[in-house]
Trainee: 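Have a look at the structure that comes next, please.
Predicted model, so just to flag it, every value in this text is computed and none were measured. When a ligand or atom number is given, it counts from 1 through the structure's own listing order.
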Amino acid sequence: MKALHFGAGNIGRGFIGLILSRAGYNVVFSDVNQELVKALEQRGEYTVELANEAKDLETVTGVSAIDGTNLDTVAQNVAEAELITTAVGVNILKHIAPGIAKGLTSRLGTGDVFQPLHIIACENAIGASTQLKEHVYGLLDERTRLLADQYVYFPDSAVDRIVPIQHHEDPLHVQVEPFYEWVVDRSQMAPAFKPVEGVMYVDDLEPYIERKLFTVNTGHCIAAYIGYVNGYDTIQKAIADEKVKSIVYGALQETGAVLVKRFGFNADDHQLYIAKILERFVNPHLTDEVTRVGRSPLRKLSPNDRLVRPALQAYEYGTETTHLAMGMAAACKFDISEDPEAVELQTTIQQKGIEAALSQYTSMDESHPVLKQAVAHYQQMQK
Ligand SMILES: NC(=O)c1ccc[n+]([C@@H]2O[C@H](COP(=O)([O-])OP(=O)(O)OC[C@H]3O[C@@H](n4cnc5c(N)ncnc54)[C@H](O)[C@@H]3O)[C@@H](O)[C@H]2O)c1
Ligand SMILES: O=P(O)(O)OC[C@@H](O)[C@@H](O)[C@H](O)[C@H](O)CO
């Protein structure tokens, strides 16, 4: 069984590749990072270390890699794969679409009896596989699109495992937190699909992806932005500061109120979920940099992402948004020269002012009360 996985980075190696390999797949990684591709090709295996007391180690074997910049090689692997997954970043999906489109065209052009193919984007976004499908479909001709409608499935998914930036001599070794959860929307899959062990299949992904994104990722990015504003370089140090922790906690109460109302989660269970996540953030065996967790602030400030969407839902419900607005304000202070989105955000704030900049990236009107709340916090942080 061959699985093609786009992105041999932290989640690719530390989570998706590991699960697929355990489930019996030969995993082929496609990546544009030639160092990773070469090392995977040469060694055919890598190690995953759990961030726990024992530092449990697992060797992932039977893996290989291809050069993701070579369209023909990518297409050939798409044509041959029994399962395709991605963990490249939601903004990169459009760049892998041409290889997938070319591969599907060849796969579906043979006239053979077609096996259903699942393509699962494992990115932190609502509807990432659906977004990938739109990019791919935009590149298919009419006949291939009709065949893809019958034989190719793009189930959305939610993936959860904290994998920080790696700093090891071995470029393939990856340290991950023990916890993981991979949830896939069964309603978007072929009627008779082959389940992958370690994956949870659900009929309705929405509660799972929103709970994950608006608890784990909302809390995480607020810890990163407020931590950064307060001079901390890691999430662990930031959360150790009670002031930062209480803002993160406050934001998770705000998203929690929305999630409980929207999806009918049991309120006590949700508090336990929040507590577990806060524990995961401070895992003493991990060092997670605020620059990673806060990366791409424009994506994180976008209307459907972890700050604005739950804040607007809370506003609609008439519940609190103060801490979420504080997170948005702190995101606007995230001044990291190596992060192109942070550079663009800072330039826009300088050129247009905070109100116009926030409005541009969040799609909220400048007069929206949540935007005004964020601006007030931003001005407070200037002092
Ligand atoms: N790290 C985490 O804790 C975590 C957890 C859950 C979800 N995610 C999500 O997983 C995705 C990947 O995150 P990550 O932390 O692994 O990032 P990463 O930067 O470690 O990995 C991304 C990989 O994609 C590769 N890539 C870039 N362009 C490519 C292309 N055109 N073709 C093939 N490969 C390409 C990069 O070279 C890199 O190796 C993101 O969407 C992220 O939100 C991350
Ligand atoms: O990957 P991002 O940039 O969307 O978010 C950064 C972190 O919050 C994220 O990678 C978490 O570590 C992960 O989502 C945990 O499951």
Side-chain angles (χ1 to χ4, degrees), residues 4-18 28-37 39-40 51 65-71 73-74 77-78 84-100 120-126 128-129 131-132 135 157-167 171-172 174-177 179-183 208-209 211-225 227 235 248 277 280-281 283 286 288-302 304-307 327 331 334 339 341-342:
L4 173 63
H5 175 82
F6 286 88
N10 296 329
I11 273 292
R13 298 195 315 285
F15 186 11
I16 311 302
L18 170 76
V28 180
F29 287 98
S30 171
D31 204 294
V32 294
N33 178 329
Q34 303 305 327
E35 187 195 8
L36 287 178
V37 171
L40 284 163
I66 58 169
D67 175 1
T69 64
N70 186 326
L71 193 70
T73 310
V74 172
N77 279 272
V78 168
I84 296 178
T85 50
T86 80
V88 287
V90 72
N91 292 338
I92 302 291
L93 292 175
K94 57 179 173 292
H95 299 300
I96 62 169
I100 297 178
I120 311 175
C122 306
E123 317 287 350
N124 277 339
I126 292 171
S129 306
Q131 291 183 39
L132 176 59
H135 292 304
S157 88
V159 286
D160 192 3
R161 170 168 253 184
I162 296 174
V163 190
I165 303 282
Q166 306 293 311
H167 300 285
L172 297 182
V174 56
Q175 188 207 31
V176 303
E177 69 164 333
F179 176 89
Y180 69 83
E181 189 171 76
W182 183 2
V183 191
Y208 291 89
I209 182 71
R211 182 177 59 172
K212 191 267 167 171
L213 211 54
F214 302 154
T215 316
V216 181
N217 297 110
T218 302
H220 225 186
C221 82
I222 291 184
Y225 295 137
I235 296 297
V248 172
I277 280 153
R280 289 171 56 203
F281 287 171
N283 180 339
L286 280 182
D288 205 0
E289 289 145 38
V290 297
T291 47
R292 179 192 86 81
V293 177
R295 67 186 168 191
S296 313
L298 300 184
R299 169 169 58 90
K300 291 182 172 129
L301 281 168
S302 65
N304 267 332
D305 217 276
R306 60 209 73 184
L307 291 168
F334 194 61
D339 186 326
E341 289 193 17

Trainee: Quick one, H220 and R292 - any side-chain contact, counting heavy atoms below 4.5 Å?
Mentor: yes
Trainee: Check the pair F15 / D160 against side chain to side chain contact (heavy atoms under 4.5 Å, CB included), numbers first and verdict last.
Mentor: CA-CA 9 Å; F15 186 11; D160 192 3; 5.7 Å; no
Trainee: Kindly give the heavy-atom pair with the smallest separation between I277 and V216, and that separation in Å.
Mentor: CD1-CG2, 3.5 Å
Trainee: For L36, counting its heavy atoms only, list the atoms of ligand 1 lying under 4.0 Å from any of them.
Mentor: 39 (O)
Trainee: I need the nearest protein heavy-atom contact for atom 16 (O) of ligand 2: residue, atom name and distance, please.
Mentor: D160 OD1, 2.6 Å
Trainee: Backbone, side chain, both or neither: what part of C122 comes under 4.0 angstrom of ligand 1, heavy atoms only?
Mentor: backbone
Trainee: Can you pull out the closest protein heavy atom to atom 5 (C) of ligand 1? Residue, atom name and distance to 0.1 Å, please.
Mentor: R161 O, 3.1 Å
Trainee: Taking the side chain as C-beta and beyond, is there a heavy-atom pair between D339 and F334 under 4.5 Å?
Mentor: yes
Trainee: Minimum heavy-atom separation for H5 to G12, with atom names?
Mentor: NE2-CA, 3.3 Å
Trainee: Looking only at non-hydrogen atoms, which of N124, V176, N10, I165 approaches atom 43 (O) of ligand 1 most closely?
Mentor: N124
Trainee: Side chains of L286 and I162: does their closest heavy-atom pair fall under 4.5 Å?
Mentor: yes
Trainee: Give a yes/no verdict on whether any heavy atom in Q166 is under 4.0 Å from an atom of ligand 1.
Mentor: no
Trainee: E123 side chain to V88 main-chain N or O, any donor-acceptor pair under 3.5 Å?
Mentor: yes
Trainee: F281 versus D288: any side-chain heavy-atom pair under 4.5 Å?
Mentor: no
Trainee: So, R280 and E177, do they make that salt bridge, N to O below 4.0 Å?
Mentor: yes
Trainee: Please could you name the atoms of ligand 1 that I96 approaches to less than 4.0 Å, counting only its heavy atoms?
Mentor: 30 (C), 31 (N), 32 (N)
Trainee: Is the shortest side-chain heavy-atom distance between L307 and I222 below 4.5 Å?
Mentor: yes
Trainee: Of the backbone atoms (N, CA, C, O) and the side-chain heavy atoms from C-beta on, which set of R292 has a member under 4.0 Å from an atom of ligand 1: side chain, backbone, both, or neither?
Mentor: side chain
Trainee: Any side-chain heavy-atom pair from V74 and N77 closer than 4.5 angstrom?
Mentor: no
Trainee: With atoms numbered from 1 as shown, which atoms in ligand 2 lie under 4.0 angstrom from a non-hydrogen atom of R295?
Mentor: 1 (O), 2 (P), 3 (O), 10 (O)
Trainee: Tell me if a side-chain donor or acceptor on K300 pairs with a main-chain N or O of V293 at a distance below 3.5 Å.
Mentor: yes
Trainee: In the structure I gave you, are the side-chain heavy atoms of I100 and F6 within less than 4.5 Å of one another anywhere?
Mentor: yes
Trainee: Taking side chain as C-beta onward, heavy atoms only, is R306 less than 4.5 Å from R299?
Mentor: yes
Trainee: Give the atoms of ligand 2, by number and element, whose distance to some non-hydrogen atom of N124 is under 4.0 Å.
Mentor: 1 (O), 2 (P), 4 (O), 5 (O), 9 (C), 10 (O), 13 (C), 14 (O)
Trainee: Would you say ligand 1 has an N or O under 3.5 Å from any N or O of D31?
Mentor: yes
Trainee: Give me the nearest non-hydrogen protein atom to atom 7 (C) of ligand 2 as residue plus atom name, then the distance to 0.1 Å.
Mentor: H220 ND1, 3.4 Å
Trainee: Could you tell me which atoms of ligand 1, counted from 1 in the order shown, lie closer than 4.0 angstrom to a heavy atom of S30?
Mentor: 33 (C), 34 (N)
Trainee: Among R292, R280, R161, whose heavy atom sits nearest atom 10 (O) of ligand 2?
Mentor: R292
Trainee: Where the side chain of R13 meets the backbone of L18, is there a donor-acceptor pair that is under 3.5 Å apart?
Mentor: no
Trainee: Against heavy atoms of G7, which atoms of ligand 1 measure under 4.0 Å?
Mentor: 23 (C), 24 (O), 34 (N)
Trainee: Taking only heavy atoms of I162 into account, list the atoms of ligand 1 that are under 4.0 Å away from them.
Mentor: 3 (O)
Trainee: Tell me: protein heavy atom nearest atom 21 (O) of ligand 1, and distance?
Mentor: G9 CA, 3.3 Å
Trainee: Counting only heavy atoms, which portion of I92 has something under 4.0 Å from ligand 1: side chain, backbone, both, or neither?
Mentor: side chain
Trainee: If you measure every N or O of V163 against every N or O of ligand 1, does any of those distances drop under 3.5 Å?
Mentor: yes
Trainee: Taking a cutoff of less than 4.0 Å between a non-hydrogen atom of the residue and any ligand atom, is G68 in contact with ligand 1?
Mentor: no
Trainee: Please confirm whether R299 approaches ligand 2 to less than 4.0 Å, judged on its heavy atoms.
Mentor: yes
Trainee: Do any N/O atoms on D288 end up under 3.5 angstrom from N/O atoms on ligand 2?
Mentor: no
Trainee: Quick test of your reading of the structure: of N33, V174, I11, V32, whose heavy atom lies closest to atom 8 (N) of ligand 1?
Mentor: I11
Trainee: State the atoms of ligand 2, each with its element, that fall below the 4.0 Å cut-off from a heavy-atom position in K212.
Mentor: 13 (C), 14 (O), 15 (C), 16 (O)
Trainee: Of all heavy-atom pairs between G99 and V78, which one has the smallest distance, and what is that distance?
Mentor: O-CG2, 3.9 Å
Trainee: Identify the residue among N124, V183, I126 that makes a side chain to side chain contact (heavy atoms under 4.5 Å, CB included) with I209.
Mentor: I126
Trainee: Below 4.0 Å from any atom of ligand 1, is there a heavy atom belonging to G14?
Mentor: no
Trainee: What protein heavy atom is closest to atom 12 (C) of ligand 1, reported as residue, atom name and distance in Å?
Mentor: A87 O, 3.5 Å
Trainee: Is it the side chain, the backbone, both or neither of D160 that has a heavy atom closer than 4.0 Å to ligand 1?
Mentor: neither
Trainee: So which bit of E123 gets within less than 4.0 Å of ligand 2, heavy atoms only: side chain, backbone, both or neither?
Mentor: neither
Trainee: For R306, counting its heavy atoms only, list the atoms of ligand 2 lying under 4.0 Å from any of them.
Mentor: 2 (P), 4 (O), 5 (O)
Trainee: For atom 13 (O) of ligand 1, which of the options E123, R295, R299 provides the nearest non-hydrogen atom?
Mentor: R295
